[in-house]
Trainee: 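Sharing a structure below in structure tokens format, with a few things to ask.
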Protein chains: 2
Amino acid sequence: MSKKSVSATSDTETRATSEHATDLRLWLRTLACTNLIENHIRSRLRTEFDITLPRFDLMAQLERSPQGLKMGELSKRMMVTGGNVTGITDQLVTEGLVVREDSPKDRRAYIVKLTPEGRRSFRKMAEAHEKWVVDLFGGMDEKQRDQLYELLALLKSSAAQAAGKK
Amino acid sequence: MSKKSVSATSDTETRATSEHATDLRLWLRTLACTNLIENHIRSRLRTEFDITLPRFDLMAQLERSPQGLKMGELSKRMMVTGGNVTGITDQLVTEGLVVREDSPKDRRAYIVKLTPEGRRSFRKMAEAHEKWVVDLFGGMDEKQRDQLYELLALLKSSAAQAAGKK
DNA sequence: TTTTGATACTTTAGATATCGATATTTTCAT
DNA sequence: ATGAAAATATCGATATCTAAAGTATCAAAA
């Protein structure tokens with residue numbers, strides 16, 4: 001007894017099951033791409049600049065916000081917990097790449113900023129980092145990259161909404 | 001090398017810079033999507049099943065390979081280092097969810113398998129997990145998801161090639 | 001056989017990560 | 001005002017995670 005192929009005739013239950021499976025495959029592929037790229041970048045940051053990815057990421061956030069950022073802001077933007085940001089910041093302070101300044105508006109908070117050396121150091125790494133990313137995405141043409149960019153915007157808002165409602 | 005459609009007024013340098021910037025944005029958006037989804041799944045696995053994401057991932061690999069997998073295979077498929085797999089496996093063995101069996105072919109290797117309890121436990125979690133993923137991708141229609149799936153295939157091979165050459 | 005190199009896994013050290021608890025400060029409703 | 005609730009950051013415990021070094025085994029050549 002052979003099963004009919006899932007097509008226009010599939011009932012609700014069959015369709016639901018099949019959608020589950022395809023969504024799962026889609027998610028696993030998304031994850032695989034990210035891990036592939038992230039592992040590569042992590043490895044090169046280490047071998048070529050002797051820095052870890054989390055430290056680089058934190059510095060990247062600060063470079064984009066020259067006025068500095070509160071710990072909580074960093075936590076939100078890096079999508080990691082506050083305790084984690086505390087640890088990474090501690091390391092970068094030890095290395096002299098960032099500083100904690102007291103916030104004049106809120107005595108609970110710190111403002112984290114790049115030091116001049118941190119900024120200089122980051123700029124050099126960022127230049128190489130951009131090249132790596134260009135290479136990693138180089139197998140796609142401009143139209144495909146644009147399409148991917150738009151689809152990921154959809155995914156981001158879809159996931160944000162679903163995650164928000166919980 | 002294929003021709004790229006570029007606005008007539010941009011010179012080479014401008015184009016290069018702008019491509020760098022757009023690729024970087026594309027990568028950051030990819031990363032943001034993955035983190036968003038991953039954090040949500042991690043959180044729900046913890047609150048609803050009291051399990052960590054890495055443990056769930058390892059079990060998922062084993063469920064797909066009922067004959068069991070060697071540590072090295074797990075390492076490759078999960079895209080993490082061997083030492084990491086050792087630790088996660090240790091935890092799961094302690095919890096009675098997986099077992100290490102000696103490989104009959106190679107005394108250096110183990111075959112890791114789900115225990116009956118591990119399989120039972122995983123199936124229950126996987127069902128919920130799939131629902132979460134369906135919800136997270138629910139804001140995209142079928143065509144968009146298909147497109148995303150295909151574009152990610154391109155990205156995967158592009159990144160794999162670039163990462164391979166180094 | 002013995003050596004040699006590669007492979008499979010573990011162990012170690014260091015740096016991230018999370019979660020829950022805590023201390024301090026701010027905000028806000030009364 | 002003032003007390004409760006919320007916000008900010010840190011700390012301690014535990015769990016990942018990587019890179020590198022170490023152990024055991026395999027496979028093939030000398």
Side-chain angles (χ1 to χ4, degrees), chain A residues 31 34-36 38-59 61 68-95 97-112, chain B residues 31 34-35 38-59 68-95 97-112:
Chain A
L31 195 53
T34 301
N35 284 337
L36 189 56
E38 197 168 302
N39 285 342
H40 179 70
I41 291 176
R42 183 198 317 280
S43 159
R44 293 193 78 166
L45 279 176
R46 175 169 197 83
T47 60
E48 297 182 26
F49 296 105
D50 195 35
I51 196 176
T52 63
L53 182 53
R55 286 178 211 185
F56 177 83
D57 282 343
L58 194 151
M59 292 175 77
Q61 293 298 337
L69 289 171
K70 293 192 294 185
M71 300 295 281
E73 269 301 323
L74 281 168
S75 169
K76 226 174 292 178
R77 299 190 191 205
M78 297 173 69
M79 314 216 325
V80 298
T81 59
N84 191 2
V85 173
T86 297
I88 299 167
T89 303
D90 285 347
Q91 293 286 347
L92 287 171
V93 167
T94 300
E95 296 173 38
L97 299 173
V98 310
V99 285
R100 274 185 177 96
E101 293 179 0
D102 292 328
S103 167
K105 316 282 288 182
D106 188 337
R107 285 192 306 181
R108 294 169 302 182
Y110 294 119
I111 308 289
V112 186
Chain B
L31 195 52
T34 301
N35 285 337
E38 196 167 303
N39 285 342
H40 179 70
I41 291 176
R42 183 197 315 280
S43 160
R44 293 193 78 165
L45 279 176
R46 176 170 198 83
T47 59
E48 298 183 26
F49 295 106
D50 195 35
I51 196 176
T52 63
L53 182 53
R55 287 178 210 184
F56 177 83
D57 283 343
L58 194 151
M59 292 175 79
L69 288 171
K70 292 194 294 184
M71 300 294 281
E73 271 299 325
L74 281 169
S75 170
K76 226 174 291 177
R77 298 190 191 204
M78 297 173 68
M79 314 224 291
V80 297
T81 59
N84 190 3
V85 172
T86 297
I88 299 168
T89 302
D90 285 347
Q91 293 285 350
L92 288 171
V93 167
T94 300
E95 297 174 39
L97 298 173
V98 310
V99 285
R100 274 186 177 93
E101 293 180 359
D102 292 329
S103 167
K105 316 282 288 182
D106 188 338
R107 283 191 306 179
R108 294 169 300 179
Y110 294 118
I111 308 288
V112 185

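All chains are named by letter (A, B, ...) in the order of the sequence lines, taking the proteins before the strands, and each is independently numbered beginning at 1. Values reported hereafter were calculated over all heavy atoms of this structure, with side chains retained and with hydrogens, waters and symmetry mates removed.
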Trainee: Rounded to whole Å, how long is the line connecting atom CD of E38(B) with atom P of dT16(C)?
Mentor: 18 Å
Trainee: Round to the nearest Å and state the distance from F56(A) atom CZ to dA15(C) atom C1'.
Mentor: 18 Å
Trainee: If you assign each of K105(A) and A109(B) to its closest nucleotide in DNA chain C, which residue comes earlier from the 5' end?
Mentor: A109(B)
Trainee: What's the CG-C1' distance between D50(B) and dC19(C), to the nearest Å?
Mentor: 12 Å
Trainee: Indicate for each nucleotide in nucleotides 13-25 of chain D, in 5' to 3' sequence, whether protein heavy atoms under 4.0 Å reach the base (B), only the sugar-phosphate (S), or nothing (-).
Mentor: --SSSBS----BB
Trainee: Give me the atom names and distance for the closest heavy-atom approach of D102(A) to Y110(A).
Mentor: OD1-CE2, 3.6 Å
Trainee: For L69(A) and dA9(D), give me the distance from atom CG to atom C1', rounded to whole Å.
Mentor: 15 Å
Trainee: Rounding to a whole Å, what distance do you find between E101(A):CD and dA9(D):C1'?
Mentor: 17 Å
Trainee: Once rounded to the nearest 0.5 Å, what's the spacing between atom CZ of R108(A) and atom NZ of K70(A)?
Mentor: 7.5 Å
Trainee: How long is the gap from CD on E38(B) to CG on L31(A), to the nearest 0.5 Å?
Mentor: 5.5 Å
Trainee: How many Å lie between CZ on R77(A) and C1' on dT8(D), as a whole number?
Mentor: 16 Å
Trainee: Within the structure provided, determine whether R55(B) and L97(B) are in side-chain contact (heavy-atom separation under 4.5 Å).
Mentor: no
Trainee: Which donor-acceptor pairs under 3.5 Å do the side chains of residues 87-94 of chain A make with protein atoms, sequence neighbours left out?
Mentor:
unit_1: T89(A); atom_1: OG1; unit_2: V85(A); atom_2: O; d: 2.7
unit_1: D90(A); atom_1: OD1; unit_2: R100(A); atom_2: NH1; d: 3.0
unit_1: D90(A); atom_1: OD1; unit_2: R100(A); atom_2: NH2; d: 2.9
unit_1: T94(A); atom_1: OG1; unit_2: D90(A); atom_2: O; d: 3.0

Trainee: Identify the two heavy atoms, one from L36(A) and one from M79(B), that lie closest to each other, and give their separation to 0.1 Å.
Mentor: N-CE, 3.4 Å
Trainee: Grab the CG-P distance between L74(A) and dT8(D) for me, whole Å please.
Mentor: 13 Å
Trainee: Any side-chain N or O of K70(A) under 4.0 Å from OP1/OP2 of dT8(D)?
Mentor: yes
